[in-house]
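Throughout, protein chains are lettered first and strands after them, A, B, ... in sequence-line order, and every chain is numbered starting at 1.
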Amino acid sequence: MNRIEIDRTSLLVDVAADVTLDELESTLSREGCTLYLDGASTSATVGSWLAEGARGARSPYADPADHLLAGFEATNVATKEELFVRAAPRKSVGPDLVALVLGMRERFFVVRRATLRIFLYDATTVNLPFVAPVDADAGDAERALLTRIGEELARAT
Amino acid sequence: MTTLLSRFSNEVPGVRGTDERVDKVAYARDLWPRHHLAIRSGAGASGPNEPGAIVWPESTEDVQRIVAFCNKTGTKLVPFGAGSGVCGGVLPGRDVLILDMKRMAKLVSIDRSAPTLTVEPGYMGLPLEDELGRQGYTLGHFPSSIVCSTIGGWIAGRSAGQCSGKYGKIEDMVVSIECVTGKGERLTLARRGHGPSLLPLVIGSEGTLAVITQATMRLHPKPVARAFAAFAFSSTEAGWEGMRDLFQAGMRPAVARLYDPFDAMLARQGTVKAEKKAKGPGAAAPGMGGSVLRQILRVPSAMNAIIEGLGSQVFGGALLVLVFEGEGAECEAEAALARRRLEARGARYEGEGPARKWLAHRYSVSYRQAPVFASGAFSDTMEVAASWSKLGALYDGVRKALGKNVFVMAHFSHAYPDGCCIYFSFAGSAPPGTKDGSWDEASEAVYDRTWQAALGAAVDAGATLAHHHGVGRSKAPKLAAELGSTGISTAKAVKRAFDPNGILNPGALFPPIAPDPYTKRAGTGPESLATDGGAS
Ligand SMILES: Cc1cc2nc3c(=O)[nH]c(=O)nc-3n(C[C@H](O)[C@H](O)[C@H](O)COP(=O)(O)OP(=O)(O)OC[C@H]3O[C@@H](n4cnc5c(N)ncnc54)[C@H](O)[C@@H]3O)c2cc1C
């Protein structure tokens with residue numbers, strides 16, 4: 001599999017996590033596409049960018065019919081097992097495991113590949129202004145839960 | 001004799017409960033069509049699935065006390081919204097406590113500056129939307145089951161409404177939730193811009209990780225204008241390519257529904273019939289025609305082949321119905337733009353009529369199961385989703401798999417820039433059961449075979465097994481085929497972290513527990529998990 005695979009029909013790119021945003025963006029632009037990032041550090045790799053919460057990506061909240069991360073492959077940091085979450089526009093198959101990688105700073109999983117939404121340069125884009133209340137600080141119970149998830153994932157075989 | 005209810009009432013005083021038989025029968029199941037087969041055959045109207053008792057918490061503190069009781073006594077607890085789930089998400093047993101959330105149904109607040117709504121989970125869909133409408137807002141969530149489902153059930157099942165094209169699915173609307181984990185902690189989980197968020201784990205967890213006790217949801221201004229349009233396409237594929245074009249160009253019709261040629265023909269005829277009868281009670285709705293179905297169900301393969309052979313011309317082509325809604329004239333402008341784009345692709349404009357008719361009957365469509373079951377047949381629906389590049393393989397693969405056993409048609413009702421949901425409706429039949437009071441075994445065999453084949457085909461096509469109905473018990477046997485063994489072990493690890501004693505909704509979502517007959521036939525047992533990883 002190539003390090004960068006563009007699915008133009010679905011406007012998705014399947015990319016290895018060690019590809020930098022810069023490299024990805026220039027490959028995409030040759031195809032008339034873009035990640036449509038705003039102010040993200042372009043020297044970051046896709047993997048570290050996702051681990052840090054994908055700064056600069058268009059908030060899916062701005063366009064409720066869209067999203068950023070359609071699927072991924074990742075390695076459990078404790079057990080080294082490979083997790084494959086297939087790309088789909090939306091799902092209803094239990095807890096969304098994207099929550100274990102996006103913004104989690106590789107606490108539970110290290111992303112190996114990601115399937116990301118891309119945009120055509122010429123597309124009309126919808127931009128609904130809405131800012132979600134952000135509760136940046138996890139409370140005690142949430143922190144305890146995060147710890148337990150880590151412990152359980154360490155013995156998840 | 002001590003009953004579950006008496007023990008409960010001693011330890012958790014002040015919480016209402018019942019163990020009257022009539023209530024236990026009512027709470028023994030959701031609307032999984034496989035249950036209907038059991039009921040039709042008369043095999044114990046609810047039998048072993050009657051819960052021990054039903055309790056009605058009125059506050060988050062009540063929920064915490066109930067969860068503490070369950071942890072202490074090892075009692076299993078099944079959260080219950082309105083029981084409209086269609087995948088066997090609710091299927092208790094004699095020592096199980098049902099936690100009916102409908103007495104937690106307060107509209108806590110509306111924050112007009114955001115705007116957001118904070119609401120308790122037991123609020124029923126339609127009254128909630130009516131109340132929001134009176135205040136000038138909409139949630140934008142309109143599942144066909146809006147009259148018989150709750151906001152807690154929507155969030156727990158990752159529900160999708162008819163206007164997902166503009167407002168997204170329920171997970172796109174949640175700002176934060178308050179919940180009580182299986183361990184008993186009270187948590188608020190919020191959507192976060194760039195930080196970690198555990199919210200997506202609880203959304204869609206089908207009552208297996210936590211009890212949702214409150215939700216803060218994004219609101220939109222109540223639309224004051226709508227624009228309607230309908231288009232005929234020479235083929236279903238041409239139709240979905242048209243939908244893809246609109247969504248990838250950034251257009252967001254609230255409603256975009258594409259019917260394959262046969263479904264389109266029924267919808268066109270059905271809406272006319274419905275209009276004629278609409279004045280009287282029990283007016284028919286568009287969709288499957290019961291009498292037509294009864295004639296054809298005995299020979300599904302032949303009927304599917306004939307309809308395929310007749311092709312698009314005979315039925316008038318695939319039909320795309322669009323509804324744009326918003327705050328003013330931009331709706332008309334969007335409809336005009338959609339028309340230009342679609343006509344440029346060869347679509348034939350059919351006017352506003354079909355879209356207006358669809359809106360007028362938007363909740364009637366799905367309530368035709370009873371006559372189908374009463375006539376000795378069965379029907380069900382399956383909603384799968386994939387990226388656009390895989391949609392053709394998904395459509396062909398699942399239709400072929402279903403078509404061997406049942407009569408099948410499809411529509412496409414939730415589109416996104418990167419893919420689409422296909423909603424298959426199918427109906428089948430089998431010779432009546434032979435044993436008195438036994439399950440209708442032949443029907444069950446056909447039903448199970450049909451589901452297993454169709455889910456396998458969906459996985460093979462690279463699709464997800466469920467777009468908005470959840471997993472429950474009906475799809476659990478194939479979940480490992482989608483998630484792989486690491487996906488299952490990861491989900492189970494999350495389950496243990498939230499619910500270390502496994503008290504919450506055992507048997508749903510996570511294999512292996514399932515009703516015995518289904519387990520034996522469909523391979524839901526632990527052994528199927530071990531052997532089913534990766535492929536099907
Ligand atoms: C005619 C018909 C049409 C339908 N149309 C649609 C549709 O258009 N779109 C769609 O998405 N679905 C549809 N459905 C399916 C169903 O309505 C949805 O799955 C709905 O979300 C279920 O809500 P409920 O309140 O009835 O939940 P229930 O069926 O009572 O429960 C569903 C699951 O959620 C859990 N649960 C419920 N409340 C809570 C809570 N507070 N905390 C934690 N877990 C909880 C339960 O344990 C169960 O696992 C339809 C069903 C029918 C019968």
Any side-chain heavy-atom pair of [X] and [Y] under 4.5 Å:
X     : Y      : answer
A:P64 : B:R218 : yes
A:D96 : B:I203 : no
A:F84 : B:T486 : no

Handout entry: Any donor-acceptor pair under 3.5 Å from A:S92 side chain to B:G157 backbone
Key = yes

[X] versus chain B, the contacting section by heavy-atom distance below 4.5 Å:
X      : answer
A:R117 : side chain
A:A54  : backbone
A:L100 : side chain
A:E52  : backbone
A:R107 : neither
A:L12  : side chain

Interchain contact, [X] with chain A, by part (heavy-atom threshold 4.5 Å):
X      : answer
B:S164 : backbone
B:Y167 : backbone
B:A160 : neither
B:S197 : backbone

Completion exercise
With chain A, the option among B:H414, B:H468, B:R244 that has the most non-hydrogen atom pairs under 4.5 Å is B:R244

Practice task
Indicate whether the side chain of B:D418 and that of A:H67 have a donor and an acceptor atom separated by less than 3.5 Å.
Solution key: yes

Handout entry: Chi angles and distances behind the salt bridge (Lys or Arg N to Asp or Glu O under 4.0 Å) call for A:E152, B:K183
Key = CA-CA 14 Å; A:E152 293 298 345; B:K183 195 170 167 23; over 6 Å; no

